[in-house]
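Accompanying notes for the structure given below.
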Amino acid sequence: LSQINKIGYEAGKTSVFEYLTIRNNHLDSMIYTIEMKKEYINTLAMLEESLAQVLNLPLYNLTPKE
């Protein structure tokens, strides 16, 4: 959609304000998607930690050692 909008703007069929609005909306949706992916990953990590505690499994620290 963003590319189609760019083509329309370059052809003079779309105003600069419409082009920028659509571009900003596209970037906002990308940011929201990344935030939701991070939330999903954090939720999975919390569930794994909870499951490990219930099953008495050792937790592994995956932080690289320096």
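One-based numbering along the sequence shown. None of the values given here were measured: they were computed from a predicted structure.
Open room surrounds CD on Glu39; 12 or fewer heavy atoms of other groups in view lie less than 6.0 Å from it.
The structure places CD1 of Ile7 at 10.0 Å from OG1 of Thr14, a figure rounded to the nearest 0.5 Å. Note: Thr33 OG1 to Glu35 CD = 9.0 Å, rounded to the nearest 0.5 Å.
Every residue two or more places apart in sequence or in another chain that forms a side-chain contact (heavy atoms from CB on, under 4.5 Å) with Gln3 is listed here: Lys6.
Listed by first then second residue, pairs satisfying ring-ring contact (aromatic ring centres under 6.0 Å, His included) with a partner in residues 12-36 read Tyr9-Tyr19, not counting sequence neighbours.
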Evaluation steps, side chain to side chain contact (heavy atoms under 4.5 Å, CB included), between Leu51 and Leu47
CA-CA 6 Å; Leu51 184 60; Leu47 288 172; over 6 Å; no
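Side-chain contacts under 4.5 Å among hydrophobic residues (ILVMFWY), followed directly or transitively, place Leu27 together with Met30.
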